[in-house]
Amino acid sequence: MASMELYRRSTLGTCLEATLDELVNQAAMTPLLAVKTLMHFDKAFEDALRDRVTTKATIKGHLHTYRYCDQVWTFVVENAVVKTDNQEEHVDKLKIVAIDAKFGQLASR
Amino acid sequence: MEGHTFSVYRGIIDEVLEKARADFQAEGADERVLDELRMMWENKLLMTNAIQPAGVLVEEKPVQAALEAPPQNAFFPTDLNYPPPPDLPTQEYVSVPHSGRGEASSSAAGGEDKPSTSANEGLQDVKRRRLSELGPGLENAADGLASASVPSVGVTVGSDGLRIRGGGGGDEDDEEDYNEEEPEKPPEVKEEVRALEELEVAGAEEDDLNELDDEEEQKEEEDDEAEATANIVLAQFEKVTRSKNKWKCTLKEGVIKLNGRDILFNKANGEFVW
């Protein structure tokens, strides 16, 4: 479960974290409930990507940096081209953080 | 594409709140907090423009504002990046008295003024209705946006561009990156914090600028890393292979933060040349 925390860095995740921070600071909810809510988010986000998203993407570019540590691959790609079903975008730099899919499956069960 | 992200995100919000409701009930906590949680969460999300739902107010509003209320825009000369927020609060305050005055003038003075005022009135009504549909949360948030100094956003973006260019190509790049590899965590945390600040569009960004003036060199290094993390893919990898300098990776279940928007994918292939 813990590994799926990476989705908290999505825009949806950062918005939730900011909201929970505010509510906990206002004493509107307990920190424990906030943590539980984040864990529900991790699960819900992964489930949604697996079951409700069909988009395929390709990423190409010049690999500037690579590293593998604690079952996490990190790539920094320069002059990246990201293609999805119906659009193509260029960015100067793109960072990819990918956790081991096997590890994720084991951990979430 | 963005519409799809929006609907998936809304599904996630529903599911999280449903599960959280069970937790709240189990602990005997006030469930009304969940309504507030949803409102704040959704408002923050809309503010980021990471998700642009199909057929939205967000896109209509600025156009209307530009057409109908040029004097209002004059107060926000540099708000091109964030046209909707300043629009909301002013509409709220301006529209209410207007309807009263509109009626009075239209009944008192006939002639050419009449059609234009009543037409304006109609538009104001439509806008007011829209605003009430959006709910009080967004108004508050919009107030926050309007009060946070909007110009500073433009300045920050501009200086970002400068910093990026400054730290861009060149031989130093390679050396810097070896240094960056070790202290990976701090810059990422900073990036997250910065993202949060941007979401709330707090005045804190001005502090950012001041820091930059003070420690320009240090900032440049960090910004290289920050730029790398501004566009980011969060995913799970199935396979990563390399032959000579060609890398291939198979990713699944990921989200791409690309140029400020979120794109979701089920599968992705990466092909890189080192």
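Each chain gets a letter, A, B and so on, in the order its sequence line appears, and its residues count up from 1.
Between B:Arg38 and A:Thr19 there is no side-chain heavy-atom pair separated by less than 4.5 Å. At least one side-chain heavy atom of A:Met4 sits less than 4.5 Å from a side-chain heavy atom of B:Gln236. With contacts defined as side-chain heavy-atom distances shorter than 4.5 Å, the pair A:Thr55/B:Leu264 does not qualify. With contacts defined as side-chain heavy-atom distances shorter than 4.5 Å, the pair A:Lys93/B:Asn231 does not qualify.
In A:Lys60, the NZ atom is not crowded: 12 or fewer heavy atoms of neighbouring residues, nucleotides or ligands sit closer than 6.0 Å.
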Candidate pair A:Glu17 and B:Lys44, rule salt bridge (Lys or Arg N to Asp or Glu O under 4.0 Å), full reasoning: CA-CA 11 Å; A:Glu17 283 184 329; B:Lys44 281 185 169 51; over 6 Å; no
Residue pair B:Glu15, A:Phe41: steps toward the side chain to side chain contact (heavy atoms under 4.5 Å, CB included) verdict: CA-CA 8 Å; B:Glu15 197 181 327; A:Phe41 171 82; over 6 Å; no
Full working for side chain to side chain contact (heavy atoms under 4.5 Å, CB included) between B:Leu258 and A:Leu94: CA-CA 8 Å; B:Leu258 199 66; A:Leu94 179 70; 4.2 Å; yes
Test side chain to side chain contact (heavy atoms under 4.5 Å, CB included) applied to B:Phe24 and A:Lys36, step by step: CA-CA 10 Å; B:Phe24 272 63; A:Lys36 282 185 176 176; over 6 Å; no
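Side-chain atoms of A:Glu89 and B:Asn259 form a donor-acceptor pair, as typed in the model, at a separation below 3.5 Å.
If you tally non-hydrogen atom pairs under 4.5 Å between each of B:Ile256, B:Val255, B:Asp23, B:Leu17 and chain A, the highest count goes to B:Asp23. In terms of non-hydrogen atom pairs under 4.5 Å with chain A, the most contact-rich of B:Asn266, B:Val16, B:Leu37 is B:Asn266. Taking B:Leu34, B:Val240, B:Asp30 one by one and counting their heavy-atom pairs under 4.5 Å with chain A, the maximum is reached by B:Val240. Ranked by heavy-atom pairs under 4.5 Å with chain B, the list A:Cys69, A:Ala48, A:Ala57, A:Ala28 is led by A:Ala57. Between chain A and the residues B:Met40, B:Glu36, B:Lys239, the most heavy-atom pairs under 4.5 angstrom are made by B:Met40. Chosen from A:Leu12, A:Asp47, A:Thr37, A:Val91, the residue pairing most often with chain B at heavy-atom distances under 4.5 Å is A:Leu12. If you tally non-hydrogen atom pairs under 4.5 Å between each of B:Glu18, B:Arg32, B:Glu42, B:Lys267 and chain A, the highest count goes to B:Lys267.
Interface remark: B:Glu271 contributes backbone and side-chain atoms alike to the contact with chain A (heavy atom separation under 4.5 Å). For A:Thr54, the part lying near chain B is the backbone, with the side chain staying farther off; criterion is any non-hydrogen pair under 4.5 Å. Only the side chain of B:Trp247 has a heavy atom closer than 4.5 Å to any heavy atom of chain A. For A:Leu33, the part lying near chain B is the side chain, with the backbone staying farther off; criterion is any non-hydrogen pair under 4.5 Å. Heavy-atom distances place the side chain of A:Leu32, and not its backbone, under 4.5 Å from chain B. Contacts between B:Leu45 and chain A at a heavy-atom distance below 4.5 Å involve backbone atoms as well as side-chain atoms. Of the atoms belonging to A:Gln71, it is backbone heavy atoms, and not side-chain ones, that fall under 4.5 Å from chain B. For B:Ala29, the part lying under 4.5 angstrom from a heavy atom of chain A is the side chain only. Using a 4.5 Å cut-off between heavy atoms, B:Glu253 touches chain A through backbone and side chain atoms alike. Residue contact with chain A, scored on non-hydrogen atoms closer than 4.5 Å, involves the side chain of B:Ile13 exclusively.
Put simply, CG on B:Leu234 and CD on A:Glu5 are 12.5 Å apart, with the number rounded to the nearest 0.5 Å. Atom CD1 of residue A:Ile99 and atom CG of residue B:Leu251 lie 11.0 Å apart, to the nearest 0.5 angstrom. Note that NZ of A:Lys56 is 11.5 Å distant from CZ of B:Phe265, once rounded to the nearest 0.5 Å. We find the CG-CH2 distance between A:Leu63 and B:Trp274 to be 8.5 Å, quoted to the nearest 0.5 Å. The line from NE2 of A:His62 to CG of B:Asn245 is 8.5 Å long, rounded to the nearest 0.5 Å. Once rounded to the nearest 0.5 Å, the distance linking CD1 of B:Ile263 with OG of A:Ser10 reads 13.5 Å.
Using a 4.0 Å cut-off between charged nitrogen and carboxylate oxygen, A:Glu46 and B:Lys252 do not count as a salt-bridge pair.
Between B:Phe237 and A:Phe75, the gap from one ring centroid to the other reaches at least 6.0 Å.
Exactly one of A:Val82, A:Val97, A:Ile96, A:Val77 qualifies for a side chain to side chain contact (heavy atoms under 4.5 Å, CB included) with B:Val233. That residue is A:Ile96.
Side chain of B:Lys257 to backbone of A:Arg9: a donor-acceptor contact under 3.5 angstrom is found. In this structure, B:Asn269 contributes its side chain and A:Thr58 its backbone to no donor-acceptor pair below 3.5 Å.
Looking at every heavy atom in both residues, A:Ala101 comes nearest to B:Glu238 through CB-CG, 4.0 Å.
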